[in-house]
There are 2 protein chains.
Amino acid sequence: MNPTIKDVAQKAGVSIATVSLVINNHKRISSDTKKKVQKAIKDLNYYPSRSARDLVSKKTGNIGFILTDDHFLRTEPFYTRIFLGTEFEARDGEYYILLTTIKSDYSEKDPLPRFILDRSVDGVIVAGKIPEVLIDKLAKYNLPLIFVDYTSAKENFPVVLIDNIQGGITATNHLISYGHKNIAFIGGDINHPSINERLIGYKKALENAGINPNKKFISTTSPYPDRQNGYNSAKKIFSTQKDVTAVFACNDAMAIGVMHYLKDSGFSIPNDISIIGFDDVESDLMLDPPLTTIRVPKIELGAEALRLMINTLKYKNSNAKKILVPVELIIRKSTKSIK
Amino acid sequence: MNPTIKDVAQKAGVSIATVSLVINNHKRISSDTKKKVQKAIKDLNYYPSRSARDLVSKKTGNIGFILTDDHFLRTEPFYTRIFLGTEFEARDGEYYILLTTIKSDYSEKDPLPRFILDRSVDGVIVAGKIPEVLIDKLAKYNLPLIFVDYTSAKENFPVVLIDNIQGGITATNHLISYGHKNIAFIGGDINHPSINERLIGYKKALENAGINPNKKFISTTSPYPDRQNGYNSAKKIFSTQKDVTAVFACNDAMAIGVMHYLKDSGFSIPNDISIIGFDDVESDLMLDPPLTTIRVPKIELGAEALRLMINTLKYKNSNAKKILVPVELIIRKSTKSIK
DNA sequence: TAAGATTAGTTAAACGTTTAACCGAGGGAA
DNA sequence: TTCCCTCGGTTAAACGTTTAACTAATCTTA
């Protein structure tokens, strides 16, 4: 079997308590014994048993990560990157991430993830929009709960968010600085806070520039912000509004849909129409032209969430922090100055 | 704190051993006591402590899942679906899946995943191609190791594979049955067993039909089977070979690249050229026309791997099983009969 | 009826840690 | 010299399960 703390103690000629103190580098240990013990640990290739440790310390060493299945399976690796950021950050620490998906139409009678029921996690990170009913059920367990890229309107949880408003402003300003005035906004369900905030940023930037937002240029009726809906929304707008010269799509997926529509309709990008996206879902999309967009640091979002969780766990401070992660304008070839 | 087995025992008026026996439904318990105990468990909302259980049973209740980061972040949700299949299957059982990615250029001096080092898993599932050096390092730990969609040539591990040869035959037969004779094969690195096997199937089907495989119709020099390389390979073949009427791409990503090239070059699909892919990565790709392909049951692959792992863990039978998962022809609009 | 077998449940040890309480040695102050 | 403090380490209890070994009661069987 694997070596235990006992073997180490024996080999180093000390008690098991001493070994334990060395491992958790307690100060009450001389550097001599410390070295001896560390040598023994190395020689035996000893690793503490997690279950024994967890049992006595009443921790599990796991963090749950909840995602809806459609978010997990999205074509563009957005939430998967957020997850990866969490996993990267956990990797060097002492936590493991337990990922589970839930159905996006989770309802009252669906069971909670097993890791909640059998208390296999010390806290839960929720990424993306999930049904309110699940939030309610989760809140009943007094587990630390942290949200990423979404949060409940009703309750006040610690959360890591994209600075969407600033991103919306930056994107719109970029188009304005290129001389565009008639800028369309193509978004999905306005009830999703991220999309709404990007729209707010869009409007703010227009107002700052003295441009009156035109309702006919704004599409927010699509249920889900994917390519197909980007295509459809573009169709609706461009078939009636002839003087639009630029599009701000609420994410890259919709932007790609818009590009498809424009190509199909004989428009040239960026000569006829400039287009900017949001998210920067890096992938071999073979887009032509490459899409100007607002980069969201997805890995960073996930890492930030885990750090927040670890802090919450460590200091039990439950004052609900909000962390706004900044975004960045990435200029490629899909936008063009018309001055 | 959470209720323990002690609380349940007290409430039910039995010993803790009895409670334990009920939980693991041992036969030596009358149905009367069983009911009493189960009621107490329900009343107290009791769940056994995993760490205590693991400590005594010397299990961890976790299965590691290793994936290279580029596989995890692929545009098409292929390996993520395999993972999900594993997670689905684990969900109702008693295992948790610990997912970790490794760099695709993992080298000798990179550390092993932490869950291996500190023995936090009972077994490891490896999905997709990983560097041989990692396999060697993993093999040193005597942990059950199961491969999915890849396996080491050197050693004999239990493995769950796609029936690629049959898939290659089915795909090619489909084209042959539509009257095609000059069928191109567009693949990536031939060292990847899956791709090689699909090519073998292609050749077999041609031979069965009395058609001599033409080397000029076969491209296997791309390093990675993605869209861009599909595009490039198509360019190479179609710029010299004028009588090709159909393409069998080794996966959907390359097929999409091929479609892009054909469109850019003014070909009509399927009127001028028929094309079939492999994998069936369902997604909102807005492909026009929809791609005929060979469906790989990805969820099923993952689930099968977990079942194999659980069996290995349960019966310690280490005879390296090989499971071939069948595939299915999905006819859409990208192939057309030319008879 | 007595001995053995079966049934249903209990006792207690064990798993591998952490950590509060304890202890002995040496040094300094009164 | 005596008392107290500090330093560096040890002892032992506790965490919540599983399970081998045991026991008491009932049932069979000759």
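Per chain, numbering begins at 1; letters A, B, ... match sequence-line order. Computed from heavy atoms alone, side chains included, the values below leave out hydrogens, waters and symmetry copies.
Rounded to whole angstrom, the span from the CG atom of A:Asp7 across to the P atom of C:dG16 amounts to 9 Å. Regarding A:Asp118, its CG atom lies at a distance of 11 Å from the P atom of D:dT17, rounded to whole Å. Atom CG of A:Asn2 is separated from atom P of C:dG16 by 9 Å (rounded to the nearest Å). B:Lys6 has its NZ atom 15 Å from the P atom of D:dT18, to the nearest Å. Atom CZ in A:Arg119 sits about 18 Å away from atom P in D:dC15, given to the nearest Å. Separating the NE2 atom of A:His26 from the C1' atom of D:dC7 is a distance of 13 Å, rounded to the nearest angstrom. Atom CD1 in A:Ile29 sits about 8 Å away from atom P in D:dT10, given to the nearest Å. Rounded to whole angstrom, the span from the CG atom of A:Leu55 across to the P atom of C:dT18 amounts to 11 Å.
The aromatic rings of B:Phe83 and B:Phe65 stand perpendicular to each other, their planes meeting at an angle above 60°, with 30° marking the opposite boundary.
Candidate nucleotides C:dT18, D:dT18, D:dT17 were compared by shortest atom distance to the side chain of B:Ser20, and D:dT18 ranks first. Picking from C:dT10, D:dG16, C:dA8 the nucleotide with the shortest atom distance to the side chain of B:Val56 gives D:dG16.
Using a 4.5 Å heavy-atom cutoff, the side chains of A:Thr60 and A:Phe115 are not in contact. By the 4.5 Å heavy-atom criterion applied to side chains, A:Tyr46 and A:Lys11 are not counted as neighbours. Taking 4.5 Å as the limit, every side-chain heavy atom of A:Val121 sits out of range of all side-chain heavy atoms of A:Tyr141.
Positionally, the nearest nucleotide of DNA chain C for B:Thr18 lies more toward the 5' end than for the other of B:Thr18 and A:Ile5. Both B:Ser51 and B:Leu21 lie close to DNA chain D; mapped to their nearest nucleotides by heavy-atom distance, the more 5′-ward contact belongs to B:Ser51.
Within 4.0 Å of A:Asp54, counting heavy atoms only, lies no atom of the nucleic acid at all. Residue A:Thr33 is classed as a sugar-phosphate contact, given heavy-atom separations below 4.0 Å to backbone atoms only.
Closest non-hydrogen pair, A:Ala139 versus A:Phe157, comes out as CB-CZ, 4.1 Å.
Side-chain N/O atoms of B:Ser30 include none lying less than 4.0 angstrom from OP1 or OP2 on C:dA8. Taking only side-chain nitrogens and oxygens, B:Lys58 comes nearer than 4.0 Å to OP1 or OP2 of C:dG16. One finds a side-chain N or O of B:Tyr46 lying less than 4.0 angstrom from the OP1 or OP2 phosphate oxygen of D:dT17.
Proximity of residues 8-17 of chain A to DNA chain D (heavy atom under 4.0 angstrom from any strand atom) is restricted to A:Val14, A:Ser15, A:Ala17.
Taking a cutoff of 4.0 Å between a charged side-chain nitrogen and a carboxylate oxygen, B:Arg50 and A:Asp54 do not qualify as a salt bridge.
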Practice item. Show your reasoning for whether side chain to side chain donor-acceptor pair (under 3.5 Å) applies to B:Asp32 and B:Ser30. Key: CA-CA 5 Å; B:Asp32 262 18; B:Ser30 71; 5.7 Å; no
